[in-house]
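I have placed the structure first, in the form of C-alpha cells, so that the comments after it can refer back to it.
Both counts, for ligands and for their atoms, begin at 1 and track the order of listing.
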Amino acid sequence: MTKPNIDNKKILVFTGAGISAESGLQTFRDGGGLWEGCDVMEVASPGGWAKDPGHVLSFYNSRRMEAAQAQPNAAHLAVATLEKKYEVMVVTQNVDDLHERAGSTRVIHVHGQLNFARSCVDETLIYPIGDKPIHLGDVCEKGSQLRPHIVWFGEKIHHYDVARDFICQASRVLAVGTSLSVYPIAGLLKKARGRAEKIVLAPDIEKKPYGFNWFRGKATHLVPIITERWLSGLRVDQLK
Ligand code: APR
C-alpha cells in the first residue's frame, strides 16, 4: 500500500501522564506514582470491576476530582498554540481534560476520559459527567450500572486507527511525558515517517524510539521552546 504524502501543516503530539505532572496529577510509574502500592488489576481491569465495582468507582471518583481541580500548565498551553499555524492532532493516553482546557481542539483520548461515564451493557451510551462521582446504583438509560469511561487493561483502546492515519501524514511528531511502556499505543510512534521531524521529551527515557531526538527535561520548560521554534518555521535539531 503506498504511503500518503507527508503534509507540512500536520503535527501529531503524543502525550502521557508526564505532561500533567506539573499540574499536580500523579504519573503512573515514577516514584510515588499511581501504580505504586496499588494493585493495578484491582482498579484498572474488567476483573477488578467485577470483583469490587464500589472500590473501582471510588478510585476514579477521587482521580476525577483531582483532575477537575488541576489547571493546564505551560506545556498544555504551548501545545495548543501550535494550532495558530498547523493542523494539530493531540493523541493522549491521559484521561484528564487539561489539553482541551488549554485550548487544543482536536484531542484523541486513546485510554478514555474521566469526565464521562459509560453504560456497562452498551458502550455507545456515553454520558458527560464533569467532576461528578459515579455511585453504585447510577444506571444508564437501559438500566445498567454506569462505569468510568476508561480503557482498562485488556480492553480495546479507542481511536487507534484515527491516530495511526494521522501520524503517517505528520511532518512533525512530538512525544511528551510518556514512558512508552503500554502497548499497543506505544507502538504508534513507529508509524512516524522517516522524513518527519521527531522529538521525544522526558526527564529520563528507557528506550529512545527509533529516529527520534530525545531532549532531557521537564515538559513546562521544553515544550514551549519546541513550539516556539515550529511556529517560527524552524527545525529543532539542536536545542541551545
Ligand atoms: N515533564 C515531562 N515528562 C515527565 C515529567 C515532567 N515534568 N514528569 C515525569 N515525566 C515522564 C516520566 O519520566 C515518564 O517517562 O513521564 C513519564 C510517565 O510515564 P508513566 O507514568 O508510565 O505514564 P504513561 O506513559 O502516560 O502511562 C501510559 O499506562 O497505566 C497506563 O493507562 C495508563 O495511560 C497510562 C499508560
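Not one N or O of Lys218 is nearer than 3.5 Å to an N or O of ligand 1, by distance alone. Remark: ligand 1 and Ala219 share an N or O pair separated by less than 3.5 Å (distance only, no angle test). Where the criterion is an N or O separation shorter than 3.5 Å, residue side chain and backbone included, Asn94 fails it with respect to ligand 1. Between Phe28 and ligand 1, at least one N/O pair is under 3.5 Å apart. Remark: ligand 1 and Ala17 share an N or O pair separated by less than 3.5 Å (distance only, no angle test).
Asn73 and Thr220 share no donor-acceptor pair across their side chains, judged by distance under 3.5 Å alone. When only modelled atom types and interatomic distance are considered, Ser179 and Glu206 share no side-chain donor-acceptor pair under 3.5 Å.
The closest protein non-hydrogen atom to atom 3 (N) of ligand 1 is Pro203 CD, 3.2 Å. Protein heavy atom nearest atom 6 (C) of ligand 1, with residue, atom name and distance: Gly18 O, 3.4 Å. Scanning the protein heavy atoms around atom 32 (O) of ligand 1, the nearest turns out to be His111 ND1, 3.4 Å. For atom 13 (O) of ligand 1, the closest non-hydrogen atom on the protein side is Asp204 OD1, 3.1 Å. If you check which protein heavy atom lies closest to atom 28 (C) of ligand 1, you get Gln93 OE1, 3.2 Å. Of all protein heavy atoms, the one closest to atom 31 (C) of ligand 1 is Arg29 NH2, 3.6 Å. Looking only at protein heavy atoms, the nearest one to atom 8 (N) of ligand 1 is Ala21 CB, 3.8 Å.
Taking a 4.0 Å cut-off on heavy atoms, Gly33 fails to register as neighbouring ligand 1.
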Q. After noting the C-alpha distance and the side-chain angles of His159 and His111, does the key distance pass the ring pair (Phe, Tyr, Trp, His ring centres under 6.0 Å) rule?
A. CA-CA 9 Å; His159 315 305; His111 290 163; over 10 Å; no

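Atom CG of Asp39 has more than 12 neighbouring heavy atoms from other residues, nucleotides or ligands inside a 6.0 Å radius. Within a 6.0 Å sphere centred on CD of Glu155, heavy atoms belonging to other residues, nucleotides or ligands number more than 12.
With a heavy-atom cut-off of 4.0 Å, Val182 touches ligand 1 through its side chain alone.
Every atom of ligand 1 with a heavy atom of Glu22 under 4.0 Å away is listed here by number and element: 1 (N), 6 (C), 7 (N). With ligand atoms numbered from 1 in the order given, ligand 1 contributes 26 (O) to contacts under 4.0 Å with heavy atoms of Gly16. Distances below 4.0 Å separate heavy atoms of Gly177 from the following atoms of ligand 1: 3 (N), 16 (O), 17 (C), 18 (C). Atom numbering of ligand 1 starts at 1 in the shown order; those under 4.0 Å from a heavy atom of Asp30 are 9 (C), 12 (C), 13 (O), 14 (C). If you number the atoms of ligand 1 from 1 as listed, the ones under 4.0 Å from a heavy atom of Trp35 come out as 30 (O).
Phe166 and Val107 fall into different hydrophobic clusters, where Ile, Leu, Val, Met, Phe, Trp and Tyr are joined by side-chain heavy atoms under 4.5 Å apart, directly or via other members. Criterion: ILVMFWY side-chain heavy atoms under 4.5 Å apart, direct or through other members. Under it, Trp230 and Ile19 are part of a common hydrophobic cluster.
Between Trp35 and Phe59, the two ring planes are parallel [angle under 30°; tilted spans 30° to 60°].
When each of Val173, Leu188, Leu189 is tested with Val91 by the rule side-chain contact (heavy atoms from CB on, under 4.5 Å), just one qualifies, namely Leu188.
A cation-pi contact, defined as under 6.0 Å to the ring centre and within 45° of the axis, links Arg147 to Trp152.
Here the straight-line distance linking atom CD1 of Ile11 with atom CD of Gln169 works out to 14.0 Å at 0.5 Å rounding.
Residues Ile226 and Leu201 have side chains in contact (heavy-atom distance under 4.5 Å, counting atoms from C-beta outward).
Among Ala202, Ser179, Ser181, the residue whose heavy atom lies closest to atom 22 (O) of ligand 1 is Ser179.
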